[in-house]
Amino acid sequence: MASQRRDAPPLPDVSVLKRVARDQLIFLLEQLPGKKDLFIDADLMSPLDRIANVSTLKQHEVDKLYKLRPPHHKPRPHVRVFSDPWCFSCFPQFFACESVLEERGVFGDVSCDQWDFNLLPVDDDIISLELPEFFTDTFLAGDQRWVRTVGSSLHLLHSLFGPFSKVYGIGRIAKVTGEREGRRGGKGEDDSVCLCDRRGPGDPFCSQVVYEGLVDDVFRIKCGCVEFSPDVTASDKSVKVMLNSQDKVFSEIRNEHFSNVFGFLSQKARTLQTSYDKRRGMDIKQMKTFVSGELKGLKQEHRLLSLHIGASEAMMKRKTKQDFQELLRTEHSMLEGFELRECISFIEDHINRQVPAPLCSAPYRRRELQTVERPLQEERSYGFDHLLTFSSLKTLGLVQEQQTAETLSAMETRVGRLVNDRTAGKLTEAISSLAKKSNFRALSRKLHLVPKVEDYDLHVPKDMAYVFSGAYVPLSCRLIEQVLDRESWSGMEEVTRLLNGHEFNVTGTSQSQLNSQRRVLVLFLGGCTFSEIAALRFLAREKGQMPFRPGTQ
């Protein structure tokens, strides 16, 4: 298990963000004296629980706590008695709220305040904006209301931890946000911020194989917390567990390839047993010291070890049922561009068997997207409920449907009727090349995204590709690595052209001359995967830099 380099700079104390948010929430609650009921937007329940627990709210006279339900939700049959006043906490759609209040004739009876809850510390090196609607609203609907929230978050970090001496990024939204932050300037430590815009050619949709990524895929991690089902706990109850660096077992395996996890858990179990066995032969004084000092920690570690062993076994069972190894081989073949006919056959076989088919590589224009549309007239059809999803992905440019031979022939025929033979020949050549064109292929070659290694050692990984079994380096992480090494986008003009541009960098003055002693904030605008986080942690260990990352999901 790799450890952090000793020459890496210390992480900032991001827990201060939680204290700032809690203090402001308490201030707002105290503006309403007496008992009050608090109604919380469903998407804010988990973040609120991380900031202020129920006992804290009770101390400030919150009588009852309710979750705001969607309009179609059926209320419970029993009668509820509410306290007066009511306090509602929801995402900032103020204009819509004010319009509704005016229509109902109660606008004058309601006061509105803003709770500046921008950043939630999920772990020592991860902070999150917790905006589940950011990607859809910003990139699909064209609603820019969250951009100001991102800017305010950067300004808060600037105020608490000092200015960033360098700001890099790519993407239209990232450019607007980053250049505004760069204009604030200031002279500070050699800290950098990298903004990664999720709009445009994306990473292939590869299956996650690092432990934390698999836990998220199977059990869903929300605000750094996961609910393990009864098949994990070996009981009739589910258990909620915080997944962070305070969990000594999880902190060791979270970034590891899943093939390494069982070996570590077995070794950990033996180590714990040895620690327990120390009790034998102790005198009364030694036993008292052991019980007061070590025993509580050992019991906690043993409980967490049991949960992670149970989670690993449950994930193995579920993935085995899904032909997981064959799925990974298919994804790797697609990335390398080999055996594509076999890959298509594998996907079509899954479609015919009505089981989930892989969508591993978005930049490929694959005909299985057409296959999904085929059985709409059937009573039991496959994939029709995802047609809107595919349409949205296509609108965003994340997937592209390959033109069939019949479509290309029809285009050639129309061209031939409109222009002379000589020109038509050239246009026919261009049309035929449409099916072969792929920016991902060119990006992969220029950035060495697909390692050319026959036997990749997952026990001692050499690069970030280990997060996808040695088959692929996440595009976002490679771009961040290149920009930090170069300290600009210079020399990457061809890459940025393939990514549709909007790259930028703003460089200020720095007090530090040691490039190894710098911290890097990586801000994903639109969310990120745990595989990317694992890759960035690997990069930080290799470079002696320590990134701390907020995401918008």
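Predicted model, so just to flag it, every value in this text is computed and none were measured. The basis for the numbers below is simple: all heavy atoms, side chains too, and nothing from hydrogens, waters or symmetry mates.
For the side chain to side chain contact (heavy atoms under 4.5 Å, CB included) criterion with L243, the lone passing option out of L304, V215, D123 is V215. The only member of V467, L335, T529 that meets side chain to side chain contact (heavy atoms under 4.5 Å, CB included) when paired with C206 is L335.
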For residues 39-50, run the donor-acceptor check on the side chains, cut-off 3.5 Å, and write out each pair with its distance to 0.1 Å, sequence neighbours left out.
unit_1: D41; atom_1: OD1; unit_2: D43; atom_2: N; d: 3.0
unit_1: R50; atom_1: NH1; unit_2: C223; atom_2: O; d: 2.3
unit_1: R50; atom_1: NH2; unit_2: V122; atom_2: O; d: 3.4

Self-check item: S488 and K166: CA distance, side-chain angles, deciding distance, side-chain contact (heavy atoms from CB on, under 4.5 Å) verdict
Solution: CA-CA 9 Å; S488 73; K166 301 179 182 67; over 6 Å; no
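The neighbour count for R172 CZ, taken as heavy atoms of other residues, nucleotides or ligands under 6.0 Å away, does not exceed 12.
The main-chain N or O of F530 is never found under 3.5 Å from a side-chain atom of E532 such that the two would form a donor-acceptor pair. The main-chain N or O of A21 is found under 3.5 Å from a side-chain atom of W115 such that the two form a donor-acceptor pair. Side-chain atoms of W489 never come within 3.5 Å of backbone atoms of V483 as a donor-acceptor pair (strictly under, hydrogens ignored). S229 contributes no side-chain N or O that, together with a main-chain N or O of S238, makes up a donor-acceptor pair within less than 3.5 Å. A donor-acceptor pair under 3.5 Å links the side-chain atoms of D197 to the main chain of A174, judged by distance alone. Looking only at distances, no side-chain donor or acceptor of S469 sits under 3.5 Å from a matching main-chain atom of A471. Here the side chain of R478 pairs a donor or acceptor atom with the backbone of H448 at under 3.5 angstrom. Although no hydrogens or angles enter the test, the distance criterion places a donor-acceptor pair under 3.5 Å between the side chain of N260 and the main chain of L458. The backbone N or O of F27 lies less than 3.5 Å from a partner atom in the side chain of Q31, making a donor-acceptor pair.
Across all non-hydrogen atoms, the minimal contact from F219 to R318 is CE2-NH2, 3.9 Å. When all heavy atoms are compared, the tightest approach of M464 to C477 is SD-CB, 3.7 Å. Closest approach of S153 to L129, counting heavy atoms only: OG-CD2, 2.9 Å. Minimum heavy-atom separation, Y211 to S312: CE1-OG, 3.5 Å. Nearest heavy atom pair, residue L17 against residue I127, reads CD1-CG2, 3.8 Å.
Put simply, the side chain of E301 reaches to within 4.5 Å of the side chain of V249, judged on heavy atoms. When side chains are defined from C-beta on, L154 counts as touching L195, because their heavy atoms get closer than 4.5 Å. Counting heavy atoms from C-beta outward, L525 and W146 have side chains that stay 4.5 Å or more apart.
Ionic pairing of D247 and R254 is not present here: no N-O contact between side-chain nitrogen and carboxylate oxygen is shorter than 4.0 angstrom. Salt-bridge formation is detected for the pair E133/R145: a Lys NZ or Arg NE/NH1/NH2 atom is positioned less than 4.0 Å from an Asp or Glu carboxylate oxygen. A salt bridge is defined here as a Lys NZ or Arg NE, NH1 or NH2 lying under 4.0 Å from an Asp or Glu carboxylate O, and E503 with R486 fails to meet this definition.
Using the six-membered ring where Trp is involved, F468 and Y472 have ring planes that are tilted, between 30° and 60° apart. Ring geometry for F250 against H308 counts as parallel: the plane angle stays under 30°, on a 0 to 90° scale with 60° as the upper cut.
No side-chain donor-acceptor contact under 3.5 Å links Y466 and N255.
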